[in-house]
A.B. asks: 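Below are the structure tokens for one structure; questions will follow.
The chains referred to below are lettered A, B, ... by the order of the sequence lines, with proteins before strands, and numbering in each begins at 1.
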Protein chains: 2
Amino acid sequence: MDIAEVAKVSGLPASTLRYYEEKGLIKSYGRNGLRRLFSANVVERLALISLGRNAGFSLEEIYEMFTPDGPVINRELLLAKADELENKIAELTAMRDGLNHAAVCKAPNHFECPKFLRFLRIAGKNKVRQPSKLKKGDL
Amino acid sequence: MDIAEVAKVSGLPASTLRYYEEKGLIKSYGRNGLRRLFSANVVERLALISLGRNAGFSLEEIYEMFTPDGPVINRELLLAKADELENKIAELTAMRDGLNHAAVCKAPNHFECPKFLRFLRIAGKNKVRQPSKLKKGDL
DNA sequence: ATAAAAGTTCAAGTCAACTTGAAGTCAAGC
DNA sequence: GCTTGACTTCAAGTTGACTTGAACTTTTAT
């Protein structure tokens, strides 16, 4: 497939595909003249990347998950990431419940609603790192 | 509370608190000389902001969720956001399962493992917008 | 054979969400 | 009452993830 076709089926702009290739997240198997040639499985790989991005992982983290770390497969890493997701799922669930409640709650201000505060507290129990970077003693 | 105390209990740097105030996400009730004074409830508000950020919402989206939209409370918006979360939860769950499986899978390459591909496909069913912006026909 | 369409590189630009630095102001403890 | 350290503003810098533009090369359709 050429880059335009990959762009079409993946929904990602060609510029993004070049960028991902540069970062080592996908690769082309060769060239037709100057033009990159991609094999079909790149599409699944891209789906996985999008999934990871959507889940809040950085491109670098995703790269690490893809890459066998030395001779051993990165079993530990994958399990750790699965665990991160587990925590995040719990958080999102609490937030979803909080929002659904807030939408119908009669309290003048959600911070005065005990139910709402309870969801907040549940969410707070799973201290998950922030999306981007966080330094020193944050949270 | 002064800014240092809020920083301490929230875990966020003072610079972030000033930034959030500038963006209208939190407010100080007054000043002691130049110094901002915050009431205690700002801490819960910050927890909610962090939760939202962690869930992948932008500061602007979070601001909108906080702000009653005209005379009517933003019921629709909150329910829509809850729904977004619902989709995201499904995606994260599929990804978590995929990772847990990949960690123990014997297949030489996950893209050849039918189980793994199934998780990918499940995740793909819920088309959720990307974390940042996405244009035209993406995904 | 040739011109348009599509691809290429590389440098620079953009955007959100902060952080950092310089220069100044105050309040509190001694 | 004076220093010191915590705070202030404002402008500029940073990072990740891309996007855009200019200048150029091919492929492909006519």
Side-chain angles (χ1 to χ4, degrees), chain A residues 1-38 42 46 48-66 129-139, chain B residues 1-38 42 46 48-66 129-139:
Chain A
M1 315 165 77
D2 74 341
I3 205 171
E5 196 177 350
V6 177
K8 190 172 176 190
V9 312
S10 71
L12 297 167
S15 62
T16 300
L17 301 178
R18 287 190 207 100
Y19 178 71
Y20 283 178
E21 187 186 32
E22 185 188 327
K23 293 281 165 176
L25 288 162
I26 58 175
K27 40 194 167 181
S28 45
Y29 67 79
R31 298 276 179 133
N32 170 24
L34 271 191
R35 306 179 174 198
R36 289 168 180 78
L37 292 171
F38 292 99
V42 81
L46 286 167
L48 194 48
I49 293 170
S50 293
L51 193 55
R53 292 283 300 117
N54 217 321
F57 293 121
S58 69
L59 293 182
E60 193 177 337
E61 285 177 298
I62 294 169
Y63 176 82
E64 286 166 6
M65 293 192 235
F66 277 159
R129 358 152 270 176
Q130 290 291 102
S132 40
K133 67 275 185 120
L134 95 179
K135 306 272 169 64
K136 46 171 188 171
D138 287 0
L139 255 201
Chain B
M1 313 165 78
D2 74 342
I3 204 170
E5 195 176 351
V6 177
K8 189 172 177 190
V9 312
S10 71
L12 297 167
S15 62
T16 300
L17 301 179
R18 286 190 208 103
Y19 179 71
Y20 283 178
E21 188 186 31
E22 184 188 327
K23 293 281 165 175
L25 288 162
I26 59 174
K27 39 193 168 180
S28 46
Y29 68 80
R31 298 274 178 136
N32 170 22
L34 271 189
R35 307 179 175 198
R36 289 166 179 79
L37 293 172
F38 292 98
V42 81
L46 286 168
L48 194 48
I49 293 171
S50 293
L51 194 55
R53 292 283 301 114
N54 217 321
F57 294 120
S58 69
L59 292 182
E60 193 177 337
E61 285 178 297
I62 293 169
Y63 176 82
E64 286 165 7
M65 292 192 236
F66 278 159
R129 359 151 271 179
Q130 291 290 103
S132 37
K133 66 272 186 123
L134 97 178
K135 305 273 169 63
K136 46 172 188 170
D138 286 358
L139 256 200

A.B. asks: Looking at dT19(C), I'd like to know if its phosphate oxygens (OP1 or OP2) sit under 4.0 Å from a side-chain N or O belonging to Ser15(B).
C.D. replies: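 Checking dT19(C) against Ser15(B), a side-chain N or O does come within under 4.0 Å of OP1 or OP2.
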A.B. asks: Between Tyr19(B) and Leu59(B), is there a side-chain heavy-atom distance shorter than 4.5 Å?
C.D. replies: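 Result yes, sub-4.5 Å side-chain heavy-atom pair found.
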A.B. asks: Indicate for each nucleotide in nucleotides 2-12 of chain D, in 5' to 3' sequence, whether protein heavy atoms under 4.0 Å reach the base (B), only the sugar-phosphate (S), or nothing (-).
C.D. replies: ---BBSBB---
A.B. asks: Would you kindly give the CZ-to-C1' distance between Phe57(A) and dG16(D), to the nearest whole Å?
C.D. replies: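 Computing the Phe57(A):CZ to dG16(D):C1' distance gives 16 Å.
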A.B. asks: What donor-acceptor contacts under 3.5 angstrom involve side-chain atoms of residues 27-35 of chain B, with partners at least two apart or in another chain?
C.D. replies:
residue	atom	partner	partner atom	Å
Ser28(B)	OG	Glu21(B)	OE2	2.4
Arg31(B)	NH1	Leu34(B)	O	2.4

A.B. asks: For Glu22(B) and dA16(C), give me the distance from atom CD to atom P, rounded to whole Å.
C.D. replies: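 These atoms are roughly 13 Å apart.
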A.B. asks: Would you mind reading off the distance between Glu21(A) atom CD and dC18(D) atom C1', rounded to a whole angstrom?
C.D. replies: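 Spelled out: CD on Glu21(A) to C1' on dC18(D) is 16 Å.
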A.B. asks: Is there a side-chain contact between Val6(A) and Ile26(A), using heavy atoms and a 4.5 Å cut-off?
C.D. replies: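 Val6(A) vs Ile26(A): side chains apart.
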A.B. asks: Lys23(A) has an atom NZ; how far is it from atom P of dT19(D), in whole Å?
C.D. replies: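 Going from Lys23(A) (NZ) to dT19(D) (P), I get 13 Å.
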A.B. asks: If you compare all heavy atoms of Ala7(B) against all heavy atoms of Ala14(B), which two are closest, and at what distance to 0.1 Å?
C.D. replies: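 Heavy atoms of Ala7(B) and Ala14(B) come nearest at CB-N, 4.2 Å.
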A.B. asks: Does OP1 or OP2 of dA16(C) have a side-chain N or O of Tyr19(B) closer than 4.0 Å?
C.D. replies: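 Checking Tyr19(B) against dA16(C): no side-chain N or O falls below 4.0 Å of OP1 or OP2.
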A.B. asks: Between Thr16(A) and Gly33(A), which residue's closest nucleotide on DNA chain D lies nearer the 5′ terminus?
C.D. replies: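 Taking each residue's closest nucleotide, the earlier one in sequence belongs to Thr16(A).
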A.B. asks: What is the distance, to the nearest angstrom, from the CD atom on Glu60(B) to the P atom on dC15(C)?
C.D. replies: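 Rounding to the nearest Å, CD of Glu60(B) and P of dC15(C) are 13 Å apart.
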A.B. asks: CZ of Phe66(A): more than 12 outside heavy atoms within 6.0 angstrom?
C.D. replies: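 Yes.
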A.B. asks: Any side-chain heavy atom of Leu48(A) within less than 4.5 Å of one from Leu51(A)?
C.D. replies: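 When only atoms from C-beta onward are counted, Leu51(A) and Leu48(A) do touch, with a gap below 4.5 Å.
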